[in-house]
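Residue numbering restarts at 1 for every chain, and letters A, B, ... go by the order of the sequence lines.
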There are 2 protein chains.
Amino acid sequence: MDYAKEKDLAASRAKVMKALGHPTRIFMVQLLSNEDSSVSDLTKAVGADVSTVSKHLSLLKQAGLLIDRKVGNKVLYSLICPCIMEFIHCIDDVIYQDAEKGLSCINVNRKKLL
Amino acid sequence: MDYAKEKDLAASRAKVMKALGHPTRIFMVQLLSNEDSSVSDLTKAVGADVSTVSKHLSLLKQAGLLIDRKVGNKVLYSLICPCIMEFIHCIDDVIYQDAEKGLSCINVNRKKLL
DNA sequence: TGTCAATTTGGCAAAATTGCCAATTATAGT
DNA sequence: ACTATAATTGGCAATTTTGCCAAATTGACA
């Protein structure tokens with residue numbers, strides 16, 4: 001077997017995952033799921049150098065997760081897919097399951113449905 | 001504002017995302033969503049050194065995504081949350097939306113619902 | 001017990017990521 | 001045009017990740 005297609009798909013998916021695989025970046029995505037924010041707002045919230053924040057944002061944009069627009073003096077970033085948060089909540093199952101051992105992910109899901 | 005809790009959550013989430021943020025690792029997760037596999041099987045599919053594959057697997061295990069069990073001569077790995085694949089499909093929306101510009105993620109989702 | 005196949009671990013060099021500072025660009029408001 | 005604020009970019013050192021080889025470990029089975 002060659003798996004060429006599956007590997008291509010994996011590479012595309014990995015790129016997006018990787019973008020989300022940094023504490024500061026996923027934190028900013030969380031903030032942006034509440035409201036569009038400027039670089040300076042995010043910089044305050046994150047507590048790092050502006051240049052660092054700016055680079056993280058452009059990486060997220062590059063991954064297809066954010067868009068930006070100029071408003072007055074500032075650049076506002078927004079989530080392209082607000083649905084990305086549902087997706088992130090899905091990851092939380094893995095974290096819970098890790099926290100309370102023995103409780104399978106499926107049970108966690110069932111719990112939430114009840 | 002302090003955001004201490006949100007930042008903690010972000011860090012936990014980032015850890016899992018990061019584990020999935022590598023082409024080889026997410027490819028193996030894809031394979032494991034079909035059937036449990038041994039290190040040697042995965043090694044063939046991936047086409048890297050066994051030691052490399054073994055290390056990737058232990059990283060995924062460490063992230064809470066896989067478990068392993070010994071069966072005869074081999075170590076079989078399996079997905080703890082098969083639901084992780086739904087979550088991965090969610091990412092595909094971002095990829096599609098990137099491919100066909102102008103089609104928002106929400107529309108892609110609507111399409112799938114129809 | 002000895003051997004062999006399967007897997008993990010140690011070690012290391014190459015590559016990639018991260019985050020800060022300094023310098024640059026852009027633009028709103030005076 | 002000038003100034004001040006906002007953001008991006010270039011550059012670089014420090015850290016982390018990656019992937020291979022070689023060596024050690026594990027367990028099945030003769």
- Item | More than 12 heavy atoms of other groups within 6.0 Å of Glu6(A) CD |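 Counting neighbours around CD of Glu6(A), more than 12 heavy atoms of other residues, nucleotides or ligands fall under 6.0 Å, so yes.
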Please give, in whole Å, the distance from [N] [atom2] to [X] [atom1]?
| X | N | atom1 | atom2 | answer |
| --- | --- | --- | --- | --- |
| Asp49(B) | dA13(C) | CG | C1' | 15 Å |
| Asn73(A) | dA4(D) | CG | P | 14 Å |
| Leu57(B) | dG19(D) | CG | C1' | 14 Å |
| Gln62(B) | dT9(C) | CD | C1' | 15 Å |
| Arg69(B) | dA6(C) | CZ | P | 17 Å |
| Leu59(B) | dT7(C) | CG | C1' | 17 Å |
| Lys15(B) | dT17(D) | NZ | C1' | 17 Å |
| Asp41(A) | dA7(D) | CG | C1' | 13 Å |

- Heavy atoms under 4.0 Å, any strand shown: does Lys55(A) hit a base, just sugar-phosphate, or nothing?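 Base, at least one base heavy atom under 4.0 Å.
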- Message: Under 4.0 Å, heavy atoms only, any strand: does Ser38(A) hit a base, just the sugar-phosphate, or nothing?
- Response: sugar-phosphate
Check whether any side-chain nitrogen or oxygen of [X] sits under 4.0 Å from OP1 or OP2 of [N], and answer yes or no.
| X | N | answer |
| --- | --- | --- |
| His56(B) | dG19(D) | yes |
| Tyr77(A) | dT8(D) | yes |
| Ser40(B) | dT7(C) | yes |
| Thr52(B) | dG19(D) | no |

- Task: Using a strict cut-off of less than 4.0 Å between a Lys/Arg side-chain nitrogen and an Asp/Glu carboxylate oxygen, indicate whether Lys7(B) and Asp2(B) qualify as a salt bridge.
- Result: no
- So, does Ser54(B) use its side chain to make a donor-acceptor pair with the main chain of Val50(B) at under 3.5 Å? no
- If only atom types and distance count, is the side chain of Arg25(B) paired as donor or acceptor with the main-chain N or O of Leu20(B) below 3.5 Å? no
- Query: Which comes earlier along DNA chain C counting from the 5' end, the contact point of Gly21(A) or that of Val39(B), where each point is its nearest nucleotide?
  - Reply: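 Nearest nucleotide further toward 5': that of Val39(B).
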- Query: With nearest nucleotides of DNA chain C determined for Lys70(A) and Ala48(A) from heavy-atom distances, which residue corresponds to the more 5′ nucleotide?
  - Reply: Ala48(A)
- Message: With hydrogens left out and only the distance checked, is there a donor-acceptor pair under 3.5 Å joining Lys74(B)'s side chain and the base of dG27(D)?
- Response: no
- Taking for each residue the nucleotide of DNA chain D bearing the nearest heavy atom, is the 5' side occupied by Lys18(A) or by Asp68(A)?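 Nearest-nucleotide comparison on DNA chain D picks Asp68(A).
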- Task: May I ask you to decide if the ring planes of Tyr3(A) and Phe27(B) are parallel, tilted or perpendicular, using 30° and 60° as cut-offs?
- Result: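 Rings of Tyr3(A) and Phe27(B): perpendicular, over 60°.
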- Could you check which of dT9(C), dT27(C), dG27(D) has an atom nearest any side-chain atom of Ser54(B)?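 Taking heavy atoms from C-beta onward, the closest nucleotide is dT9(C).
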